[in-house]
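A, B, ... follow the sequence lines: proteins, then strands. Residue 1 opens every chain.
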Number of protein chains: 2
Amino acid sequence: MQDQLKSDAVIIQALRNKGYKATPQRISVCKIALSSKEHPSVQKICKEVKKTHPTVSLATVYTTLRLLKESSLIQELNFPQGQTRFDPNLEPHINLVCIHCGRIMDVNDSEAKELINKVTKKAKFTPKAQRIDIYGVCQHCSKIDNAKS
Amino acid sequence: MQDQLKSDAVIIQALRNKGYKATPQRISVCKIALSSKEHPSVQKICKEVKKTHPTVSLATVYTTLRLLKESSLIQELNFPQGQTRFDPNLEPHINLVCIHCGRIMDVNDSEAKELINKVTKKAKFTPKAQRIDIYGVCQHCSKIDNAKS
DNA sequence: GTGTTTGCAAAGCATTTGCACAAGT
DNA sequence: ACTTGTGCAAATGCTTTGCAAACAC
């Protein structure tokens with residue numbers, strides 16, 4: 001699940017710097033939320049944490065995710081039907097959201113950044129964050145669809 | 001609230017074409033959802049409809065909005081804390097979302113369209129819809145902030 | 001007249017909160 | 001030791017659903 005694992009030490013330090021206690025559950029949630037490229041849901045994160053901390057509760061996962069959000073380390077992506085996913089990539093980038101398999105792929109594109117700069121400057125709007133989603137069918141799913149027909 | 005009011009006749013025709021009955025409540029919800037530039041919430045739409053149809057229920061508003069969504073006439077924009085807003089603009093455009101006053105301003109920009117074309121082609125992704133949000137402080141709210149300090 | 005829609009109230013979910021106990025510093 | 005965090009269960013708030021009466025066609 002995590003390609004780019006943050007080490008425990010780094011996370012413990014970051015939590016303490018912000019005045020939070022570094023509990024095992026918290027460290028685990030942070031590691032997954034900050035390292036995953038899968039844009040996991042709360043349920044998915046909780047399931048993952050349970051592998052090493054079987055007693056963890058959803059409440060703790062929610063609380064920790066809120067800390068990360070308030071510390072501007074992750075972004076919350078809300079979708080219809082109460083689907084919420086989390087993204088540690090806060091740079092301007094594009095989310096390709098597959099409406100078949102639910103996968104979200106990141107595309108880093110410098111033009112996205114330029115577009116945001118241009119538009120906000122023109123509208124005298126002070127940007128703090130952004131979200132660019134494209135909804136559609138990913139390469140993998142359209143292959144499956146084609147094979148079926 | 002509505003600058004670009006769709007006429008009743010057009011909406012009635014559209015509903016019937018899709019096999020739906022044109023009830024007064026439905027017509028009213030459609031008019032507001034399709035014409036408003038304010039990206040209204042469900043509550044706001046319901047309140048607006050109540051002005052002419054005081055007995056309308058939230059359930060009816062929800063149902064009608066679902067029809068419009070499934071007919072690809074509006075888009076649902078989900079935000080944290082169960083905030084849902086609706087947007088009749090389905091063309092690629094940019095939403096400037098003010099985190100102070102909650103206003104959402106549309107910016108039509110051909111570069112947004114081009115960016116989407118480029119990225120989806122490259123990733124062999126079939127686009128169906130999109131959403132580009134920039135979160136920050138609008139011109140009006142930053143003036144207020146400056147005046148305070 | 002027939003099938004759909006309405007409006008109410010109840011049910012369903014995701015998320016938050018209160019609180020006693022446990023754990024980190 | 002003191003304070004904060006955990007985990008449970010209950011509460012909250014948005015959205016959906018079931019159903020009888022009302023309505024569109």
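- By the salt bridge (charged side-chain N to carboxylate O under 4.0 Å, His left out) test, E114(A) is found to be paired with no residue, residues two or more places apart in sequence or in another chain being considered.
- Atom CG of L65(B) and atom C1' of dC14(D) are 13 Å apart (whole Å).
- In this structure, the side chains of K37(B) and D106(B) stay at 4.5 Å or more apart for every pair of heavy atoms.
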* Would T63(A) and T60(A) count as a side-chain hydrogen bond (donor to acceptor under 3.5 Å, both in side chains) if you check the C-alpha gap in whole Å, the side-chain angles of each, and the deciding distance to 0.1 Å? -> CA-CA 5 Å; T63(A) 309; T60(A) 300; 5.8 Å; no
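- If you check every strand for non-hydrogen atoms under 4.0 Å, Q83(B) touches nothing.
- Rounded to whole Å, atom C1' of dT15(D) lies 11 Å from atom CG of N78(B).
- Applying the 4.0 Å criterion to OP1 and OP2 of dG7(D), one finds that T60(A) has a side-chain N or O inside that range.
- Rounded to a whole Å, the CD atom of Q25(B) is 9 Å from the P atom of dC23(D).
- Here chain A contacts DNA chain C (any atom closer than 4.0 Å to a heavy atom, that is under 4.0 Å), and the contacts span dA14(C) to dT25(C) from 5' to 3'.
- The existence of a salt bridge linking R85(A) and E38(A) is excluded, since no basic side-chain nitrogen approaches an acidic carboxylate oxygen closer than 4.0 Å.
- Comparing Q81(B) and T64(A) by the nucleotide of DNA chain D whose heavy atom lies nearest to each, the residue mapping closer to the 5' end is T64(A).
- The nearest whole Å value for the distance from the CG atom in D8(B) to the P atom in dA24(D) is 14 Å.
- Looking at heavy-atom distances under 4.0 Å, T63(A) makes no contact with the nucleic acid at all.
- One can place CZ of F79(A) at 16 Å from P of dT15(D), the figure rounded to the nearest angstrom.
- Salt-bridge annotation for E91(B) and K113(B): present, with a side-chain N of the basic residue lying under 4.0 Å from a carboxylate O of the acidic one.
- Closest-nucleotide positions on DNA chain D for A22(B) and T84(B) were compared, and the one nearer the 5' end corresponds to T84(B).
- Whole-Å rounding puts the R66(A) CZ to dG5(D) P distance at 12 Å.
- Nearer the 5' end of DNA chain C, as judged by each residue's closest nucleotide, is the contact made by Y20(B), out of A59(B) and Y20(B).
- If you take CZ of R26(A) and C1' of dG7(D), they are 14 Å apart, rounded to a whole angstrom.
- Of the side-chain N and O atoms in T55(A), one or more sit less than 4.0 angstrom from OP1 or OP2 of dG7(D).
- Within the 3.5 Å criterion, the main-chain N or O of V49(B) finds a donor-acceptor partner in the side chain of T52(B).
- P80(B) comes within contact range of no nucleotide atom at all, as no heavy-atom separation falls under 4.0 Å.
- Geometrically, R131(A) engages F79(A) in a cation-pi contact, judged by NZ or CZ lying under 6.0 Å from the ring centre and within 45° of the ring axis.
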